[in-house]
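Proteins come first, then strands; the chains are lettered A, B, ... in the order of their sequence lines, and each starts at number 1. Source: prediction; values computed, not measured.
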Amino acid sequence: MATPKPTVRKKSLGKRILKDLATNKYNYLLLLPAILYYVVFHYFPMYGAQIAFRDFYITKGILGSKWVGWKHFQTFFNSFYFGRLVRNTVLLSGYNIIFGFPAPIILALLLNEVRNQAFKRTVQTVTYLPHFISLVVSCGIVISFCRLNGLFNDIVAFFGKERILFLEKKEYFRTIYIASGIWQEVGWGSIIYLSAISAIDMQLYEAARIDGANRFQEAFHITIPGILPTIVILLILRVGRLMSLGYEKVLLLYNDSTRETADIISTYVYTRGIQKGEYSFAAAVDLFNSVINMVLLLSVNWISKKVQGSGLF
Amino acid sequence: MKNMKRIIALAMVFLLLLTSACTGNQNSKADTSKAESSKAESSKADSSKADASTPSETSTPEEPTGPEPYELPIVANKVTLTMFSVLDGKASVSLSSMEENFTVQYYEELSNVHIQFFHPSSATSLTEALNTMIASGEITDIIFNIQSATDGIDALISNGVILRLNELIDKWGYYYNKVFEENPGFKASVTTYDGNIGMYSTSRLDEPTRFFESYVVRKDWLDTLKIEKPTKVDEWYDMLTAIKTGDPNGNGQADELPFVSNSNEEMGIYRLSALFGFNSSYYKQMACSIFDGKVVFASEAPGFTDFVTTMNKWYAEGLLDPETFSTDAAGWKEKVLTDRAGSFYGKMNGGIGTLLGSYDYEKGDPNFNLEPMAYPITSEGKSFDFFSQEPCDNGGAAISAKCKEVEAAVKYLDYMYSPEGQIMMDMGKEGYTYEFDSNGVAHYTDLITKAEGLSLVQAIAKYCIGGIMPRMVNDKYYWDAVMSYDQQRMVYPTVKDSTRERKCPQSLKYSQEEQSRLNTLMADIESYYKEGMQGFVTGAKPLSEVEAFRAQLKTMGLDEAVAIMQAAYDRYIAA
């Protein structure tokens with residue numbers, strides 16, 4: 001049962017690395033800034049994640065603080081707000097994917113059908129623009145529009161309805177959050193799909209037209225399948241960040257009245273960790289969050305591979 | 001595929017190398033910092049030994065204890081100290097750093113101490129800025145607002161970040177020591193759980209300076225409606241209803257908002273619980289009051305159900321601003337200045353003074369007038385004050401353990417408590433920025449009162465350190481000089497007679513373990529409490545759930561938290 005020996009013995013690992021470095025040195029040089037970025041900003045900070053298992057005091061430093069094991073995780077799991085935070089994060093992010101993710105695809109498909117170039121460009125510019133407004137300013141705009149004497153309430157009042165306290169009603173928070181998100185990002189998000197569409201072979205369309213396909217059939221049978229890989233990859237990435245909604249926008253839009261639907265894990269980490277200085281506790285919460293994110297990313301990727309035959313990695 | 005493997009292997013090696021290099025670094029850094037802190041400790045031990053020996057050497061039979069008085073300059077040759085201090089918004093209008101401030105320069109001339117300022121960015125919270133500075137190990141000689149650091153004073157001292165000042169004050173702090181002697185209880189309230197004095201506390205030594213907030217009402221509306229300022233809960237209700245229905249702004253619509261929240265609900269609706277004899281504002285001693293020596297959280301106070309029920313009723317009847325829980329400073333000012341707000345809770349200068357100054361009398365109501373109202377008399381026949389300040393603030397300035405010119409730093413802060421120092425910090429230089437009138441009252445000169453393009457407080461902040469950091473005493477000269485309107489002066493006489501027997505002291509001292517347990521417990525309690533209050537007042541939660549709300553707070557550990565506060569309060573009383 002002796003396996004035949006390879007005729008050429010492999011060189012040692014070190015030698016192979018050196019050889020590879022020598023042959024591809026410019027490629028590695030190009031890669032270096034990106035590697036450095038990840039090491040400095042993503043790998044090195046992991047060293048600090050250990051404070052989640054310690055009682056961190058600034059004055060004692062990371063190594064000088066006491067180990068406390070799972071204490072902070074237990075505090076979080078037993079916290080009154082644990083369930084609500086997870087639910088709010090998943091719901092807000094989930095709705096954001098359900099409503100926010102298809103919006104730029106739809107816009108791209110619609111723009112693709114527009115033949116008047118001047119009109120197309122105008123629409124594109126108008127929809128990109130909000131992307132360049134800083135979040136603080138755009139949230140300020142949203143807040144003043146939603147006030148009792150704001151634009152939306154003026155419209156409501158014009159139709160003879162009672163003015164509504166949009167910002168103080170917890171049931172409106174998610175709608176405001178997601179609708180304003182779509183408004184701000186739909187144009188920007190559609191760029192990548194438009195470029196994917198432009199890569200589709202025009203012959204396919206010609207063939208379809210000869211076969212008598214109408215515009216809808218072209219869109220459903222050529223355009224959408226053509227950009228499906230792009231959609232899937234973006235969707236995997238998006239689901240991988242399901243739990244990591246940025247805290248900034250929620251923080252700018254919520255108040256005590258809407259916290260019941262608006263408080264998410266990242267805002268909780270921000271208020272407890274950065275504002276109140278409970279670094280260890282906040283680190284534990286965020287670490288838990290990252291673990292969930294990783295599990296989600298891996299499982300979506302696995303599903304995608306099973307179903308579609310290709311994934312992110 | 002083979003290529004891929006090779007690349008991955010390479011990347012792993014690279015990473016390993018890097019992380020090991022990084023951690024190696026970290027270790028050596030930690031080692032040096034450990035060495036440094038032990039050095040600091042030993043030097044501290046030395047200095048305390050020296051302190052112990054000095055009294056026996058220097059003290060004479062005539063003067064058994066206490067530091068020596070001293071004169072300016074503080075040091076013979078100029079020294080430079082670094083200082084962490086907030087650049088107030090009032091000053092940043094005209095200055096990029098406090099080094100450009102006239103009084104800072106004048107004090108430098110007199111004292112020979114040059115201050116190099118480090119102002120944290122206004123975008124980060126003070127806690128964040130201080131924590132970052134402490135973590136970096138590069139700490140300024142003098143640190144203002146040290147109370148905002150996450151680690152308490154005791155931890156900062158025992159870990160060698162700041163100096164224990166007890167012995168240093170005995171040695172050099174003549175004027176601060178005098179404050180201790182003249183204000184019984186002051187020393188106890190600046191001494192921590194472990195018996196340390198960690199900072200020079202900013203203070204309000206003259207009684208009137210401890211009162212600068214009150215309920216405020218549109219007095220001209222009350223005159224129009226022919227009603228008096230209310231003193232009892234029923235009269236409050238009548239007044240608010242009259243404002244709502246009597247159309248005092250005369251535009252034919254019932255658009256008046258009888259009571260509005262100020263910059264946020266903490267400066268608004270939560271202040272109304274004084275009508276029911278307890279404190280519900282979380283920003284003030286975590287919504288606690290003292291009932292017969294017992295610390296009581298708002299939800300357990302006898303008047304709580306009444307308060308919530310009444311507020312719910314008032315909100316439903318439109319007596320409270322619908323935006324009570326989502327307001328901000330700009331919204332509040334707009335409501336007052338456009339003749340819609342009838343009353344609010346506000347500050348003497350930032351509220352009454354600013355609003356009277358910025359109202360447009362030509363376009364609006366020429367009779368526009370805001371006046372303070374006294375704290376109401378509750379059903380128990382007393383009126384309670386929960387919101388006035390104490391002689392000693394929570395905040396102050398500490399001295400870094402790495403400071404090389406400790407004597408200069410101590411005296412630089414200490415001199416600000418001297419009578420000359422107090423007036424200099426707030427008023428500047430006599431004959432230039434202020435003058436005494438024939439009655440001996442200090443007034444700012446035209447340089448400040450007529451400064452081009454600046455409001456009074458902004459001009460003061462450009463030339464003096466009145467009302468901003470870094471000064472230690474909020475003194476009566478400044479207090480007097482910034483009040484432009486009689487209505488501002490009415491605040492103190494209006495609110496001073498209320499009893500403070502139920503006011504929880506603001507300077508309770510906790511051990512490190514107590515403090516961290518309290519923080520953990522109260523973090524969730526605070527949000528639950530505020531959300532519940534909001535729900536009950538606006539009607540989003542039915543009032544029948546008040547009992548369940550109380551019970552839930554208890555299961556979240558309220559009793560344990562209150563017990564910690566109670567222990568601290570008992571120690572405070574015993575001291």
Within residues 263-273 of chain A, contacts to chain B at heavy-atom distances under 4.5 Å involve A:Tyr268, A:Arg272
List the steps and the verdict of side chain to side chain contact (heavy atoms under 4.5 Å, CB included) for A:Tyr279 and B:Thr150.
CA-CA 9 Å; A:Tyr279 295 109; B:Thr150 309; 4.2 Å; yes
Interchain contact, B:Thr324 with chain A, by part (heavy-atom threshold 4.5 Å)
backbone
Less than 4.0 Å between a side-chain N and a carboxylate O, is that true for A:Glu260 and B:Lys541?
no
Verify, without hydrogens or angle tests, whether A:Tyr57 (side chain) and B:Asn159 (backbone) share a donor-acceptor contact under 3.5 angstrom.
no
Between B:Met556 and A:Tyr81, is there a side-chain heavy-atom distance shorter than 4.5 Å?
yes
Using a 6.0 Å cut-off, check whether atom CE of A:Met294 has over 12 heavy atoms from anything other than its own residue.
no
Are B:Thr520 and A:Phe281 side-chain neighbours, meaning at least one heavy-atom pair lies under 4.5 Å?
no
Please classify the contact of B:Ser527 with chain A as side chain, backbone, both or neither, using a heavy-atom distance under 4.5 Å.
both
Looking at A:Tyr38, I want to see if its OH is surrounded by more than 12 non-hydrogen atoms of other residues, nucleotides or ligands under 6.0 Å.
no
Could you grab the distance from atom CZ of A:Arg259 to atom CZ of B:Phe325, nearest 0.5 Å is fine?
12.0 Å
Check B:Asp524 against A:Phe80 and note the closest heavy-atom contact, atom names and distance.
OD2-N, 4.0 Å
Residue by residue, which of residues 143-174 of chain A have a heavy atom closer than 4.5 Å to a heavy atom belonging to chain B?
A:Arg147, A:Leu148, A:Asn149, A:Leu165, A:Glu168
Can you name the side chain to side chain donor-acceptor pair (under 3.5 Å) partners of B:Gln147, sequence neighbours left out?
none
Heavy atom to heavy atom, less than 4.5 Å: which residues from residues 130-138 of chain B reach chain A?
B:Asn131, B:Ile134, B:Ala135
If you tally heavy-atom pairs under 4.5 Å between each of B:Gln552, B:Met533, B:Glu128 and chain A, the highest tally belongs to B:Gln552
